[in-house]
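Following: one structure in structure tokens, then a few remarks.
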Amino acid sequence: MKKYSEIKTGDVFFSTCSISEKELDSYLDFSRVKNSFLEARSKNSQKIVSGRAILSRMEGEFTRLSQIYGNHIVLTGMDGDPQWGNRNTRFPKSLHVNEVLKIQFTISAKKDIDDDYGSIAVDYEGTTLDGSTVVVSKRNMYRIKKILPT
């Protein structure tokens, strides 16, 4: 685990994941998402994973990274990219259930909040195995404890 003091702007971490049909169904049941496009599409072909489900899994993968896990960290917001009019996320391509998502996490900003906490901004980028970009999400903001209790 990297401590807050060791995390640097520009640090890059990687992970891979996929979302099964059962996991997607559980997410949709929990979130109560009802989307006629996703429902109609899933009857005729392989199910498309909803964008929020992708982001949820990506955040979960970030918090499980060996470099991050163990820190006291919480998602506090999504500030977005000033070059995108402060919008946060784009989904240029669909992701289907069981399709592998390669994820790159980049620390795009770091600042002190007070003596106990700092803030890091993390950019997510997810691509398929063939290199097609599925999602780009900028400035996912996390509050992180500077020193952990021993």
Side-chain angles (χ1 to χ4, degrees), residues 1-33 35 38 46-150:
M1 168 188 73
K2 284 187 162 199
K3 298 176 187 168
Y4 174 76
S5 61
E6 299 169 320
I7 296 171
K8 306 286 184 240
T9 299
D11 283 352
V12 178
F13 310 106
F14 299 93
S15 184
T16 59
C17 69
S18 62
I19 299 172
S20 71
E21 189 167 344
K22 181 179 177 183
E23 290 170 324
L24 177 60
D25 289 343
S26 292
Y27 172 81
L28 294 173
D29 285 345
F30 165 76
S31 65
R32 298 179 54 97
V33 170
N35 184 315
L38 292 175
Q46 191 178 19
K47 279 189 176 180
I48 294 174
V49 180
S50 73
R52 290 281 184 193
I54 296 169
L55 288 175
S56 292
R57 176 55 63 85
M58 291 175 88
E59 182 190 357
E61 292 295 320
F62 177 70
T63 62
R64 298 171 61 90
L65 291 169
S66 62
Q67 300 93 333
I68 299 301
Y69 181 74
N71 282 294
H72 292 189
I73 188 169
V74 65
L75 179 68
T76 58
M78 298 170 174
D79 282 0
D81 187 327
Q83 295 179 357
W84 288 354
N86 290 328
R87 292 182 203 96
N88 173 262
T89 303
R90 297 284 186 267
F91 297 95
K93 182 180 186 290
S94 298
L95 182 72
H96 296 89
V97 295
N98 300 318
E99 192 171 13
V100 174
L101 185 65
K102 299 185 317 183
I103 308 168
Q104 177 177 306
F105 302 102
T106 304
I107 307 299
S108 56
K110 176 182 173 183
K111 71 177 184 176
D112 292 336
I113 296 174
D114 57 31
D115 290 341
D116 295 324
Y117 292 94
S119 173
I120 58 173
V122 183
D123 295 348
Y124 303 165
E125 183 172 343
T127 60
T128 59
L129 289 177
D130 69 3
S132 298
T133 301
V134 172
V135 58
V136 176
S137 184
K138 303 281 188 131
R139 297 188 54 79
N140 296 279
M141 303 302 295
Y142 290 88
R143 185 179 75 167
I144 181 171
K145 188 143 180 80
K146 289 181 177 178
I147 300 172
L148 296 175
T150 54

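Heads up: numbering here begins at 1 and tracks the sequence.
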Indicate yes or no: at least one non-hydrogen side-chain atom of [X] is less than 4.5 angstrom from one of [Y].
X	Y	value
Y117	K145	yes
D79	N86	no
D123	R139	yes
D11	Q67	no
K138	S108	no
Y142	I68	no

Applying side-chain contact (heavy atoms from CB on, under 4.5 Å), run through D25 and K47 and close with a yes or a no. CA-CA 10 Å; D25 289 343; K47 279 189 176 180; 2.7 Å; yes
Taking atom [atom1] of [X] and atom [atom2] of [Y], what is their separation to the nearest 0.5 Å?
X	Y	atom1	atom2	value
S18	L129	OG	CG	10.0 Å
Y4	I120	OH	CD1	8.5 Å
I54	S94	CD1	OG	8.0 Å
S56	E23	OG	CD	12.0 Å
C17	E61	SG	CD	4.5 Å
K93	E99	NZ	CD	5.0 Å

Polar side-chain atom of [X] near backbone of [Y] as donor-acceptor pair, under 3.5 Å:
X	Y	value
K8	S5	yes
T76	M141	yes
N71	K2	yes
D112	G118	no

Would one find more than 12 heavy atoms of other residues, nucleotides or ligands at under 6.0 Å from atom [atom1] of [X]?
X	atom1	answer
E6	CD	yes
R64	CZ	no
D115	CG	no
K3	NZ	no
F14	CZ	yes

Looking at every non-hydrogen atom in both residues, tell me the closest pair between [X] and [Y] and how far apart they are.
X	Y	value
N98	E21	OD1-N, 4.4 Å
S50	Y27	OG-CE2, 3.8 Å
K102	T128	CE-O, 3.7 Å
I103	M58	CG2-CE, 3.6 Å
I48	L24	O-CD2, 3.6 Å
S119	I144	N-CG2, 4.4 Å

Could you go through Q104 and T106, starting from their C-alpha distance and side-chain angles, then the distance that decides it, and tell me whether this counts as side-chain hydrogen bond (donor to acceptor under 3.5 Å, both in side chains)? CA-CA 6 Å; Q104 177 177 306; T106 304; 3.3 Å; yes
Check whether the side chains of Y124 and N88 place a donor and an acceptor atom closer than 3.5 Å, and report yes or no. no
side-chain contact (heavy atoms from CB on, under 4.5 Å) between R57 and L101, worked out: CA-CA 10 Å; R57 176 55 63 85; L101 185 65; over 6 Å; no
Looking at I113, L75, D116, I73, which one forms a side chain to side chain contact (heavy atoms under 4.5 Å, CB included) with R143? I113
